[in-house]
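First the structure, in the form of structure tokens, and then the observations on it.
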Amino acid sequence: MRALIQRVRYASVAVEDKVVGEIGQGVLVFLGIAHHDTEKEAEYLARKVLALRIFEDTEGKMNRSVTDVQGGVLVVSQFTLYADTRKGNRPSFTNAALPEHAERLYEHFLAALRAGSSLNIQSGQFRATMAVSLLNDGPVTILLDTSPQ
């Protein structure tokens with residue numbers, strides 16, 4: 001499972017010109033799910049997102065989590081995080097989970113975030129074409145990957 005985390009001043013996601021999720025200061029999480037992923041990876045990443053220290057403290061060091069700053073979390077499904085571009089110019093997505101498996105784990109990830117905090121947890125719409133708007137803060141962008149190295 002992969003999560004591309006962006007520290008944001010604000011972020012929103014719209015489907016057919018209707019905003020379905022938005023946050024102020026916090027993190028935007030693009031979540032990619034592989035065919036071999038399980039609830040274990042979803043729960044691990046949820047804990048990691050809530051505890052990742054990417055917000056500045058009073059000394060300007062990244063020492064505070066989204067939980068510490070009481071920020072929001074906006075989660076957008078992103079199967080293209082599993083694009084394989086090693087051959088040719090057209091990405092292959094064979095490592096991405098099939099939609100039924102991915103949606104179940106996407107929902108499990110959201111539930112784990114909600115169970116692990118009282119933060120404003122928002123999401124996009126699974127399998128929809130979405131317009132994502134954000135103001136990256138820093139910029140700070142972190143890739144988390146549960147695959148063994």
Side-chain angles (χ1 to χ4, degrees), residues 1-58 60-85 91 93-147:
M1 194 171 287
R2 292 179 180 158
L4 183 70
I5 315 282
Q6 294 191 319
R7 186 177 76 184
V8 298
R9 292 190 187 170
Y10 63 82
S12 67
V13 61
V15 176
E16 296 180 1
D17 296 323
K18 181 181 181 227
V19 173
V20 296
E22 65 183 326
I23 60 168
Q25 176 190 28
V27 293
L28 172 59
V29 180
F30 292 104
L31 185 68
I33 300 166
H35 55 85
H36 61 270
D37 288 327
T38 67
E39 289 84 358
K40 180 181 173 184
E41 285 84 14
E43 292 162 7
Y44 168 80
L45 275 184
R47 287 190 306 272
K48 193 74 165 176
V49 165
L50 295 172
L52 193 63
R53 297 185 323 185
I54 60 172
F55 291 87
E56 294 177 356
D57 62 16
T58 56
K61 294 182 180 179
M62 285 197 285
N63 209 20
R64 301 180 75 204
S65 69
V66 68
T67 303
D68 294 333
V69 300
Q70 289 295 291
V73 180
L74 176 58
V75 182
V76 175
S77 62
Q78 187 75 50
F79 76 94
T80 60
L81 287 175
Y82 277 97
D84 183 350
T85 59
F93 300 104
T94 57
N95 290 327
L98 294 175
E100 299 76 23
H101 179 67
E103 185 171 15
R104 185 176 59 77
L105 289 180
Y106 174 76
E107 293 298 334
H108 191 80
F109 177 78
L110 287 167
L113 286 172
R114 291 180 177 124
S117 77
S118 60
L119 299 178
N120 177 25
I121 309 295
Q122 298 284 312
S123 66
Q125 183 178 326
F126 192 85
R127 289 190 85 176
T129 298
M130 296 173 272
V132 180
S133 300
L134 67 129
L135 180 58
N136 197 316
D137 184 18
V140 174
T141 303
I142 307 285
L143 178 62
L144 302 177
D145 191 335
T146 63
S147 299

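In this text, all values refer to a predicted model and were calculated from it rather than measured experimentally. Computation of the quantities below employed the complete heavy-atom set of this structure, encompassing side-chain atoms and omitting hydrogens, waters and symmetry-equivalent molecules.
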* To do: Could you tell me the separation between the CE atom of M62 and the CG atom of L52, rounded to the nearest 0.5 Å?
  => 8.5 Å

* So, does N95 use its side chain to make a donor-acceptor pair with the main chain of Y82 at under 3.5 Å? -> no

* Report the distance from atom CD1 of I54 to atom OG1 of T141, rounding to the nearest 0.5 Å. => 8.5 Å

* Of all heavy-atom pairs between V8 and V27, which one has the smallest distance, and what is that distance? -> CG2-N, 4.2 Å

* Report the residue from E41, H36, R2 that forms a side-chain contact (heavy atoms from CB on, under 4.5 Å) with T146. => E41

* To do: List in chain and number order the residues that pass salt bridge (Lys or Arg N to Asp or Glu O under 4.0 Å) with D137, two or more places apart in sequence or in another chain; answer none if no residue qualifies.
  => R7, R9

* Asked: Taking T67 for the side chain and L50 for the main chain, is one N or O donor matched with an acceptor at less than 3.5 Å?
  -> yes

* Asked: To the nearest 0.5 Å, what is the distance between CG (L135) and CG (L28)?
  -> 11.5 Å

* What pairs meet the ring-ring contact (aromatic ring centres under 6.0 Å, His included) rule with one or both residues in residues 99-120, with sequence neighbours excluded? -> Y106-F126

* Are the side chains of L144 and I5 in touch, meaning some heavy atoms are under 4.5 Å apart? -> yes

* Please round to the nearest 0.5 Å and tell me the distance separating atom CZ of R127 and atom CZ of F79. => 9.5 Å

* Structure fact -> So CG of L81 and CG of L143: to nearest 0.5 Å the spacing works out to 7.0 Å

* L4 side chain reached by Q78 side chain, heavy atoms, under 4.5 Å -> no

* **Distance-minimising heavy-atom pair for I121 and R114** => O-NH2, 3.4 Å

* CD/E43 to CG/L113 distance, rounded to the nearest 0.5 angstrom? -> 11.0 Å

* Asked: Side chains of F93 and T80: closer than 4.5 Å at any heavy-atom pair?
  -> yes

* Structure fact -> Taking every heavy atom of V19 against every heavy atom of S12, the minimum-distance pair comes out as CG1-CB, 4.4 Å

* Structure fact -> Between G71 and L119 the two heavy atoms that sit nearest each other are O-CD2, 3.4 Å

* Asked: Any idea which heavy atoms bring L105 and T38 closest together, and the distance?
  -> CD2-C, 3.6 Å

* At their closest point, which heavy atom of N120 faces which heavy atom of Q122, and how far apart are they? -> OD1-NE2, 2.8 Å

* **Residue pair V49 / V75, side-chain heavy-atom distance below 4.5 Å** => no

* Side-chain contact, heavy-atom cut-off 4.5 Å: E103 with S77? -> no

